[in-house]
Every structure is written in C-alpha cells, then in structure tokens.
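Worksheet: one structure, shown below.
Each chain gets a letter, A, B and so on, in the order its sequence line appears, and its residues count up from 1.
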There are 2 protein chains.
Amino acid sequence: MAKTREDEATRLDEAARAGWLYYVAGNTQDQIASKLGISRQAAQRLVSHSVAAGLVRVRIDHPIAACLERAESLKARYGLKYCEVVPSDPASASTILGVAEACAVEMERRLRRDEPTILAVGTGRTLRAAVEHLPPMACTQHRIVSLTGNIAPDGSASVYNVIYSMADQVKAPHYPMPLPVVVSTPRERELLHRQKVVELTLQLAAKAEVTFVGVGEVSARAPLVVDGFITADEREDLDRQGAVGEIVGWVYDSAGRLIDCRFNERVASAPIPPTSRGDVIAAAMGPAKTPAIRAAATGGLINGLITDEATAHRLLD
Amino acid sequence: MAKTREDEATRLDEAARAGWLYYVAGNTQDQIASKLGISRQAAQRLVSHSVAAGLVRVRIDHPIAACLERAESLKARYGLKYCEVVPSDPASASTILGVAEACAVEMERRLRRDEPTILAVGTGRTLRAAVEHLPPMACTQHRIVSLTGNIAPDGSASVYNVIYSMADQVKAPHYPMPLPVVVSTPRERELLHRQKVVELTLQLAAKAEVTFVGVGEVSARAPLVVDGFITADEREDLDRQGAVGEIVGWVYDSAGRLIDCRFNERVASAPIPPTSRGDVIAAAMGPAKTPAIRAAATGGLINGLITDEATAHRLLD
DNA sequence: TCCGCCATTGAATAATTGCTCAAACGAGAG
DNA sequence: CTCTCGTTTGAGCAATTATTCAATGGCGGA
C-alpha cells in the first residue's frame, strides 16, 4: 500500500523515458516495449502516465492567421499593447483551455529575459492553470509579487495560491501578501496596509513591469460568490450598482470604472491598474466573462489580453 | 505546380489549427474533421503536415530526457548499437554511481530472456558493483564465461571476482578462467591457452552473444597499477607508446587500436572484441576514463556503452 | 479548346493505440 | 502459514490513426 518515494520516482523516470521515446524519438509503443523489455500494454501505460504526470509539453509554433487577425483587431479596438488569441474548441465549455497554456507561454517569455523584472500576479483558476504549465526554470533575477491577499474568508491560506506555485516552479524570489482578500472595514484595511511587510509588497506591486490577472464576472455563479468572498446579498447590491466584473477583488462597471461602494473599500489588494503603468495582462475567456473582459479593456484596467477565438469574436461584435 | 505563398500559408494555418486541436485540445481526428468540416483523412493529413512542418514542439520536462538525447547522439557519433546514459549526480565523484545500477538492469534484461545465451564478463570495480545489483534469479538456460583470468599477480584468486558473484546470484552455469591475468612470457601464455579447460572457455567467450566489460585508464592511479598487474616502469613505457586505455588487460591507443608491445603479448585474456561480433557493452564513467572510453568506441573495441550524463557530455565535445 | 500532368481526394485497409476485464501477484493482517 | 484486499498484469477487443491506391479534377501548355 504505502508507496515509497523511490518507487514513485522510478516510475516517473520510466514514464519520462517512454514518453521521450514515443513523442520525441517517434517510436511506436511496440518498439518502446521491446527496448525496455516490457509488454506493449506496460509501455502504453508508461506513455499515458508520462502525459498524465504533466511531463509532456506540446506547443504549436504558429500564430494562426485567424487568431492573429482577431488579436490585431482587438488591439486596435481597445487600444491594447498586447493581445493573444488562441483557437477555440467549439465543443468544450472550458473557460481555461488554451488560454492557460498561452498565458504560461507569455509568462515564460517574460521570465526568460535576463534583465531583472518585477512580475505581479493576481489569483484565480485561470492563472492557477497557467502556472501549472510553466516549465521548471531558474529565474533568480526576477521578483514575483502577489497583488492580493492569500487568506480566504474561512481563514485558510490556500485558495488558488498562484504565487507560491509559480515562484516554486521558476525558482524566483517571491513576495506574497499575508492578508485577507477582503477585510471587514476600511479602517482595518488601512491598519493592515501599514504593516512593514505589506507596505513593501504593495510598493513592489506598484512598480511591476508586468502584471498577470484573471477576470471574474459578478454573477450568482461567480467565483467571488462561490468561494465566499462576498455574500449573495452583497452581490445583488453590486449588481444594482452596475458591477459587471472583478479583478483581484476590485469590482468595476461596464465602462471599466471601479465602483465607489462599501465593498471596494474593503478590498485589500494592490490597486489595479498599478501606478507604474506597466503591462497588465488579463487571461480570460468564455461567454460569462465577456462583458467583464470588455469593460476592463474599455476602461483601461488592463492593456493586454489573452483570450480565445470565440471570446475575441464576441468582443469584436 | 507553382504554389502561391498564400496557398501555402493558408495550408499551414489550417495545419496549425488541426495540430492544436489534436495535440493541445486532445481531439480525435474525427472530431477535428467535423469541426473543420473536412474529411477525416484530410484532418489526418493536416495534423501530420503540422508535425512535418515543425509546428509541433514536444518536450519532456524530466532529467531523463537529456540523458536519452545524449544516448542517441553517442550512438550516432560512435556508431554504437546500444547506449545508455544515466543522470549524473553532480555532488558525487564516484566513478560507479548509477552506471553500476544501469549495467545491472541491462544484464538482467539479457538474463530474463528464455533463449539460451552466452554472456561474457570482464572484470573491474564497475562490473563488480553491477553484479551486486543483480537480483537473485534462476537462469540455468544461460552460460556465463569469464574473459579474463582470475589469478592476481600475488597468486590470490579473488580480485574483483565478477564471474563467481554473478553466476552465484543468477544461478547460471559458469566458466571461469583459471589463469593469471598477465603471464610472464608469450610462450607461457601459449602453453596455458592450450589447456583443455582454458581452450573451451576461450571458445565459449568467442561465441558470446553479449559481453560486459569495464574500461580502465592507463595512468599512475589506474587499477592496472594499483592492483599490481603492471609495474610503474612498465606503465610509463606504455604511456610513451600512446596507451590511453585498457579492457580486460588489453592496452590500446587513442584510436582504439591494440598496441603492439611486450605487455599485450603477455595478456592472457580472451580477445576483444570477440570474433563473434556480438554485443560488447562497456560500463564506465568519469573524467579519468573518458579518453579511454572515447578510444574504445572509436576503434570499435566496443559497440555498446553505459555511462553517465557528464561523461556523455565530454564524449560529445 | 483539348491534352496530359500531377496534386488532391476519399474508400479501403493495415497498423497502432486505448480500454476492459479476469487472473496473477504481493504486501500485510491475523 | 494462510487469507484478504488492493494492485498490477497482459490478453482480447474496440477505437483511432496511418497508408495505399484508384479516381478526380484543376491548371498550364500546345
């Protein structure tokens, strides 16, 4: 029963070997089986294991024309500095597929640079998925700073904890924010923001050359509600005030203006957009998020966007 | 005939899209066909085109990947039939770590076969360590034969006694060579080789389907000297004649040619490579042994190699 | 306009891969 | 030592992918 670490590591080694022989060297599973002295099924299991374990990374080196066109149109329409559109899979209802990979590629591109850079990251399922696609790197020259607290309403500290996974994967110094995402009162926020550590982190975030964020909608099924950052009543209230979207907690209307309300006064995240006016890149897709994305782009809360073809199409309508 | 640039670009776009849907989104070619409104074969052709055009990049995120690549390069460079590269442990200066285990694995793989096989083994610390990693087996169908004498210069019979440990561990009939490794004169060698038992063993060794050997360097700290098979003076003499390495006693130069000298005339081991032209697999690693390994591979003394990543790197420089 | 060349197409088929399931195996409890 | 339970194994089969081949049709040249 108790699997030793060693067993598991050996299995991964074998899986990686099989995966390499299959995907890189182009062997058939039969060939792999005979080379490794195992049965074809065992080879198949290893190959499939190597994929399941995330050892195999596939990427397509080609900006597909249609996507490129849409990306150019989006840049023109919303005055974006950066835009990436990935092909849609019409049959999938995923709000992550493709965008996460593309976001990871862009993150990697930034991290590959030699000049020390400050990267700020928000939170959310999309970013979470994105950092999982980052390859292991050694980027000690950069600093990664969190835009938002890492403490959930229930007091736990693990909600979509993007910054830790990212920093761990790319071996960069990181600056999390030991704060709740939403505090109880404006006064409490002020006190917490005065803490030395928090102050430093906020300063760093404000200087970030590039910022990666997710975009949330403000509906009954929004993460904001599901994850308990806000009650159903509060949400309806925001709805009445014209809220359409949310970035690291900051709620805004269809023009991309932060809403002047009690809720935003309690959000403890770093300001969006940061004062530095660096790149602020949102990764988001899906019909539900479309109005929130459009508003954020319109109001200049973001100046970069990674989305999919279908969402791009809706944004251009 | 004349393909327009535009046609080709469109085709690539489509190929990239199909490749993306296939490799990234995980669709089957049938699904892609219906989504793109083309036939299944057309989808297949697009996917295959996307690979052929180099649009699809696969990479394996695992240390093993680098090893497999190096192994392939080594096979190509030195025309080896078999090559295994194990990860290096940068923290260790061991000249055995990893290679012994890998050698044991390969031995085991050969021994697991049902068809009766003749395995020849040399001697040395590396092979010694390898057989210690063999699991207990019952391989009565195979025969294990020693390439070299088991009598040390001091008359003892226990020097790195690989064949006995191996045969004992895997329960196989075995044929040691009751000879010194190096005799006094060419004449003495001739006499000893005429003995019935020795003759039989040599014949068996010549027919071996697979031969496992270690590789020794010819320096002042070489096993050859340390274990007293050769005097310091003799070694210096060999040095002057261009000796860089040694396999079961046979001394060769940097091109992998056996050196025509007094010493080689007194070596009582079976010839290397064996006349059967079976697999001759060397297990060796480390900076000191690198020139010896390179020479053996270059000159065709061996056609299989088990080494570590760092040594592989040096061999490819 | 007609001809012939050759790239493209889809049907048929071969090869490969993925899945299911019963049997064998092995660790650990009794 | 034996039993049990969960895991691993490989055979058989279904699904998917790759290749072959004859038919089609577009295009340039006569």
Sequence neighbours left out, cut at 3.5 Å: what donor-acceptor pairs do the side chains of residues 73-82 of chain B make with other protein atoms?
unit_1	atom_1	unit_2	atom_2	d
B:Ser73	OG	B:Glu69	O	3.0
B:Arg77	NH2	B:Leu316	O	2.5
B:Tyr78	OH	B:Leu315	O	2.9
B:Lys81	NZ	B:Asp279	OD1	2.6
B:Tyr82	OH	B:Glu106	OE1	3.1

- Task: Mind calculating the distance between CG (B:Asp30) and P (D:dA15) to the nearest angstrom?
- Result: 12 Å
- Message: Whether the B:Thr311 and B:Asp308 side chains hold a donor-acceptor pair (N or O, under 3.5 Å, no angle test) is what I'd like checked.
- Response: yes
- Heavy-atom protein contacts under 4.0 Å, nucleotides 18-24 of chain D, coded B base, S sugar-phosphate only, - none: BBB----
- Message: Applying side chain to side chain contact (heavy atoms under 4.5 Å, CB included), can you list everything that pairs with B:Cys103, at least two apart in sequence or on another chain?
- Response: B:Met107, B:Leu127, B:Ala130, B:Phe212, B:Ala283, B:Ile306
- Message: Checking A:Glu101 now: which residues fulfil side chain to side chain contact (heavy atoms under 4.5 Å, CB included) with it, not counting sequence neighbours?
- Response: A:His133, B:Val24
- How long is the line joining CD1 of A:Ile38 and P of C:dT17, in whole Å? 13 Å
- Message: Once side chain to side chain contact (heavy atoms under 4.5 Å, CB included) is applied, do any residues pair with B:Glu309, and if so which ones, sequence neighbours excluded?
- Response: B:Ala66, B:Cys67, B:Arg70, B:Val85, B:Pro87, B:Ser88
- Rounded to whole Å, the NE2-C1' distance (A:His49 to D:dT9) equals 16 Å
- Query: Would you say a side-chain N or O of B:Ser39 is under 4.0 Å from OP1 or OP2 of C:dG10?
  - Reply: yes
- Item | Test side chain to side chain contact (heavy atoms under 4.5 Å, CB included) applied to A:Val51 - qualifying residues, sequence neighbours left out | A:Tyr23, A:Val56
